[in-house]
Amino acid sequence: MEKLIIKGNTPLNGEIKISGAKNAALPILAASLLSNAPIQISNIPHLQDVTTIVSLLGQMGVRITLDERSNIEVDASQLTSFHAPYELVRTMRASVLVLGPLLSRFGEAIVSLPGGCAIGTRPVDQHLKGMQAMGAEMSIENGYIKAKASRLRGANIVMDIVTVTGTENIMMAAVLAQGQTIIHNAAREPEVTDLANFLNTLGARVSGAGTSTIIIEGVNELGGGCYHVMPDRIETGTYLAAATITSGKIKLKNTRPDLLEAVLLKLAETGAVIDTGADWISLDMKGNRPRAVDISTAPYPAFPTDMQAQMMAVNAVAEGTGVITENVFENRFMHVQELQRMGANIALKGNSAICSGTDHLHGAPVMATDLRASASLVLAGLAAHGETSIDRIYHIDRGYECIEEKLAQLGARIHRIPSNTAE
Ligand code: UD1
């Protein structure tokens, strides 16, 4: 295991490139199971979660070649297994995304119930309900989802709650189904739209992605094609928050401001001066301390839960008091205890965190507990006086490509060492 050592209290300054979106790359790679022709995918980020899904697809007989420029060629013409074992699925909840494509293409799938970040109970009932409506027989036996269907048929599906991977799984299952599927109350996240665009590139007929009603006309087969994954809006937001918390000035390239309007508006409320172009965003705090903001998380286009922890770190050093309410996951405040160890004044009340900003945080040894919680500790460490060491950073490597290289490029004093090394 490794840890990150950060010597804080330095404003970030400079330019970096944003990577491809993890949450788009994962469903897109899973969707490649639907086609029996070669597919080229570019802008895939180098991340542990991508390695996990690539291993999972490899075990099923998918041939994957990767070049040094992050381009992947996937060939799922010769599949040997429709089984997703616990050992791989438990490390990443998004592995459940192979369920829809496997069931649709092979009429059968055995997929372990997922694990992933410990940020709530996170059931998959909506995924199962949608596939059942399409005629699949579903059961749960010994921790595995077992699904069977001769050929899925289109259905009218109303999601009880807005779920991102649930919408994606059903959309993928519907692509090769017989007839029309309509998903009502669908997730509107940009990653759902990116998946729909990818499927359409291969010959699928999906419309309405990005709205709450998605219509899929089933086709008999998908072909090959080339696709470029969208930029990572959460990575983008995390670096912008890092510049905000350190009173810095940065420019991010290869990104898209239209993907994170709610986040940009909140950052502007902290006092950040934000400028944007089609594929870049700059943020300048003009050397000022941020002002505290109130945030309420909800499905897209509202403020994303995946940026909640990072904004909690910003509020921890901000002027004034901010209230952050988490509405998507019931157990997503695990970073609070660690931020408190660094001197943050945060009181929890139900699903709200009331944070009164302090003049400065102080460095401390802390522990990463989940992906975005660990990002908030990195941000706090960048702003804190003294040295912060963050243990269990495998959580960060699941979702941030080359985080210490990118931060070092922006002037941060950060490096990685083995966990058992004293600094
Ligand atoms: C996806 C993202 C994750 C993000 C989350 C919310 C990926 C790979 N991950 O996760 O980064 O934090 O969206 O934006 O894209 N739920 C049910 N039943 C279900 C499915 C979900 O009750 O069948 C609940 C969950 O417990 C949660 C809420 O719905 O409270 C939203 O979860 P969901 O949108 O499904 O999150 P993920 O797709 O797992």
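Remember, it's 1-based here, ligands and their atoms both numbered in the order they're listed.
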Of all the atoms in ligand 1, which lie at a distance below 4.0 Å from a heavy atom belonging to [X]?
X	answer
Val124	19 (C), 23 (O)
Arg93	39 (O)
Ala94	8 (C)
Gln126	18 (N), 19 (C), 23 (O)
Ile161	16 (N), 17 (C), 18 (N), 21 (C), 22 (O), 24 (C), 29 (O)
Val328	27 (C), 28 (C), 30 (O), 31 (C)
Arg332	12 (O)

Nearest 0.5 Å, please: how far is [atom2] in [Y] from [atom1] in [X]?
X	Y	atom1	atom2	result
Gln310	Leu267	CD	CG	10.5 Å
Phe333	Met312	CZ	CE	4.5 Å
Ser19	His46	OG	NE2	8.5 Å

| field | Contact (N/O only, under 3.5 Å) between Glu330 and ligand 1 | value | no

| request: Please indicate whether any nitrogen or oxygen in Phe329 is less than 3.5 Å from any nitrogen or oxygen in ligand 1. | output: no

Does at least one non-hydrogen atom of [X] fall below 4.0 angstrom from an atom of ligand 1?
X	value
Pro123	yes
Glu326	no
His127	yes

| message | Tell me if a side-chain donor or acceptor on Asn351 pairs with a main-chain N or O of Glu326 at a distance below 3.5 Å. | response | yes

| query | Salt bridge or not for Asp306 and Lys22, using N-O below 4.0 Å? | reply | no

Please list every donor-acceptor pair under 3.5 Å in which a side-chain atom of residues 175-184 meets a protein atom from a residue at least two apart or in another chain.
from, atom 1, to, atom 2, distance (Å)
Gln180, NE2, Glu217, OE2, 2.8
Thr181, OG1, Ala155, N, 3.4
His184, NE2, Asn156, OD1, 2.8

| request: Could you tell me whether Thr305 approaches ligand 1 through its side chain, its backbone, both or neither, with non-hydrogen atoms closer than 4.0 Å? | output: side chain

| query | At under 4.0 Å between heavy atoms, which part of Asp306 makes contact with ligand 1: side chain, backbone, both or neither? | reply | side chain

| query | So Phe106 and Phe82, ring pair (Phe, Tyr, Trp, His ring centres under 6.0 Å) or not? Walk me through it. | reply | CA-CA 8 Å; Phe106 299 100; Phe82 46 78; 7.1 Å; no

| Qualifying residues under side chain to side chain donor-acceptor pair (under 3.5 Å), relative to Lys146, sequence neighbours excluded | Glu141

| request: Name the orientation class of the two ring planes belonging to Tyr400 and Tyr239 (parallel below 30°, tilted from 30 to 60°, perpendicular beyond 60°). | output: perpendicular

